[in-house]
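Protein chains get the first letters and strands the later ones, always in sequence-line order, with residue 1 at the start of each.
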Protein chains: 2
Amino acid sequence: MEKNREEQLNEILVLFYFAYRTFTKEPDRILEQHGIQRVHHRILFFIARKPGLSVNELLATLEVSKQALHAPMRQLIEMGYIKSEPAEYDRRVRELRLTEKGEKLEKQLSNVQRKKMDAIFKEAGVKNEEVWKEIMKKIIENE
Amino acid sequence: MEKNREEQLNEILVLFYFAYRTFTKEPDRILEQHGIQRVHHRILFFIARKPGLSVNELLATLEVSKQALHAPMRQLIEMGYIKSEPAEYDRRVRELRLTEKGEKLEKQLSNVQRKKMDAIFKEAGVKNEEVWKEIMKKIIENE
DNA sequence: AATAAACGTCAATATTGTTGACCTATATTG
DNA sequence: CAATATAGGTCAACAATATTGACGTTTATT
């Protein structure tokens, strides 16, 4: 690879690293005030995106072991943020949902990120929003 | 916030999460073969970007404690990937540099990411590369 | 000479993740 | 129906990774 191009790509890697770190910083700060961590946010986030999703689906989404999910999930249940109820179609399956309290916290956490992205894309324009999204999709694609 | 807009923003958050995770997956796999972790990659990466940077600079860049950096850094030194030598201008300061072996490993790890981004941007075009970068910069900016 | 800075290191502690093993409840299948 | 599979919960052992606190050495600065 050409030297100059390599340096351009290095800048891109640096940007990706710092952007992601900055992006999670403010939610992390809020989470800390509640005595919980980033995993908890992820759990809340994905339940919010698909109310009623099963434990197995959540495991697959987060790519962690059942045992790793267990502790934070139990905490969230005990703290009254999420509820877990047997599915009607199969009573072995537990459907996960946010409580009102959980919805409130999830909103508080994710709104920081949504607002930030909204402001940036409002300035950048719809077309550039689409560009950014397409690039992120391509990164995910050929996993 | 309008409901539809909120859903668009949710997709953006999802993309960010999965893109970053995918992005680090392949280097993580290589690291594992060497019996080291993502921190080690970060250390190698930032030393490669600025040969001769000091321990303090590295600490500030990675935002970890001196003690947290210590173990992985010592490992890298013992494994012969990096060297740490007193700076001429101030012999208290240690200047960190990659050895040849370290350069090779750093290239192996980061090339996965550089090549991926290069391929994507080759397809997307220079203008869209600039768009993506500008957006990532804005995310970092108002930290 | 006193103080400060850069770095190294040990210790105690907390957190978070992994794998393995095993249990219950419920579905599915031969 | 009996055997088996699936979804989920939980305990235990272990590894890793981070934090804070404390303290030592070397070298600069004041």
Side-chain angles (χ1 to χ4, degrees), chain A residues 17 21 24-25 27-47 50 52-79 82-97, chain B residues 17 21 24-25 27-47 50 52-79 82-97:
Chain A
Y17 171 65
R21 198 176 70 181
T24 53
K25 207 167 268 182
D28 282 356
R29 215 185 48 72
I30 298 168
L31 286 159
E32 208 187 342
Q33 293 171 349
H34 292 263
I36 52 178
Q37 286 76 35
R38 204 182 292 177
V39 200
H40 298 84
H41 184 190
R42 286 186 191 137
I43 295 171
L44 294 170
F45 179 78
F46 284 109
I47 295 177
K50 191 183 173 184
L53 99 170
S54 71
V55 173
N56 259 340
E57 285 171 322
L58 187 55
L59 288 175
T61 304
L62 298 180
E63 291 185 355
V64 290
S65 66
K66 185 172 55 162
Q67 296 90 326
L69 181 65
H70 182 248
M73 211 176 70
R74 190 169 45 176
Q75 275 177 282
L76 288 173
I77 290 170
E78 277 166 11
M79 292 168 97
I82 64 178
K83 52 178 192 263
S84 160
E85 277 161 358
E88 278 189 25
Y89 66 92
D90 184 339
R91 295 179 47 78
R92 290 172 302 180
V93 173
R94 315 285 302 199
E95 291 180 333
L96 302 171
R97 284 190 178 75
Chain B
Y17 172 64
R21 199 176 68 180
T24 54
K25 206 169 268 181
D28 281 356
R29 215 184 48 71
I30 298 168
L31 286 160
E32 207 187 341
Q33 293 171 349
H34 293 263
I36 51 178
Q37 285 77 35
R38 202 180 294 176
V39 202
H40 298 84
H41 184 191
R42 286 185 192 137
I43 295 171
L44 294 171
F45 179 79
F46 284 109
I47 294 177
K50 190 184 173 184
L53 98 170
S54 71
V55 174
N56 258 341
E57 285 171 323
L58 186 55
L59 288 174
T61 304
L62 299 180
E63 290 185 356
V64 291
S65 65
K66 185 171 57 164
Q67 296 90 328
L69 182 65
H70 182 247
M73 210 176 71
R74 191 170 46 177
Q75 276 178 282
L76 288 174
I77 290 170
E78 278 166 11
M79 294 168 96
I82 64 178
K83 52 177 189 266
S84 159
E85 277 159 359
E88 278 188 27
Y89 67 91
D90 183 340
R91 296 178 48 76
R92 290 172 304 180
V93 174
R94 316 286 301 199
E95 291 181 333
L96 303 170
R97 283 190 179 75

Rounded distance (Å) that lies between atom C1' of dG20(C) and atom NZ of Lys66(A) = 11 Å
Would you please confirm or rule out a distance under 4.0 Å between OP1 or OP2 of dG8(D) and any side-chain N or O of Asn56(A)?
-> yes
Would you mind reading off the distance between Gln75(A) atom CD and dA14(C) atom P, rounded to a whole angstrom?
-> 15 Å
On DNA chain C, more 5' by nearest nucleotide between Arg42(A) and Ile77(B) is Ile77(B)
Take the protein atom CD of Glu57(A) and the nucleotide atom P of dT6(D), then report the distance between them rounded to whole Å.
-> 16 Å
Of the non-hydrogen atoms in Thr61(B) and Arg21(A), which two are nearest, and what is the gap between them?
-> O-NH1, 2.9 Å
Atom-to-atom span, CD of Glu78(A) to P of dT10(D) - whole angstrom = 9 Å
If you look at every heavy atom in Ser84(B) and Leu96(B), which pair is closest and at what distance?
-> CB-CD2, 3.7 Å
Dump the intermediate steps for side chain to side chain contact (heavy atoms under 4.5 Å, CB included) on Asn56(A) and Val93(A), then the final yes or no.
-> CA-CA 8 Å; Asn56(A) 259 340; Val93(A) 173; over 6 Å; no
May I ask you to list the residues of residues 87-97 of chain B, by number, that have any heavy atom positioned under 4.0 Å from an atom of DNA chain D?
-> Asp90(B), Arg91(B), Arg92(B)
Glu85(B) and Lys83(B) ion-paired at < 4.0 Å | no
hbond_proxy Gln67(B) side chain to dG8(C) base (donor-acceptor, 3.5 Å cutoff) | no
His34(A) (side chain) donor-acceptor with Leu31(A) (main chain) under 3.5 angstrom = no
Rounded to the nearest angstrom, tell me the gap between atom CG in Asp28(B) and atom C1' in dT18(C).
-> 15 Å
Under 4.0 Å: is that the gap between some side-chain N or O of His70(B) and OP1 or OP2 of dT9(C)?
-> yes
dT19(D) phosphate, OP1 or OP2, under 4.0 Å from Ser65(B) side-chain N/O = yes
d(Leu76(B) CG, Arg74(B) CZ) to nearest 0.5 Å is 12.0 Å
Met73(B) side chain reached by Val55(B) side chain, heavy atoms, under 4.5 Å = yes
Side chains of Leu62(A) and Tyr17(B): does their closest heavy-atom pair fall under 4.5 Å?
-> yes
Starting at CG of Leu69(A) and ending at P of dT15(C), how long is that distance when rounded to a whole Å?
-> 18 Å
Once you round it to whole Å, what is the distance between C1' of dT9(C) and CE of Met73(B)?
-> 12 Å
When you measure from every atom of DNA chain C, which of residues 30-39 of chain A have a heavy atom less than 4.0 Å away?
-> Gln37(A), Val39(A)
To the nearest Å, how far apart are Ile43(B) CD1 and dC7(C) C1'?
-> 15 Å
For the residue pair Pro86(B) and Arg94(B), establish whether any side-chain heavy-atom pair is separated by less than 4.5 Å.
-> yes
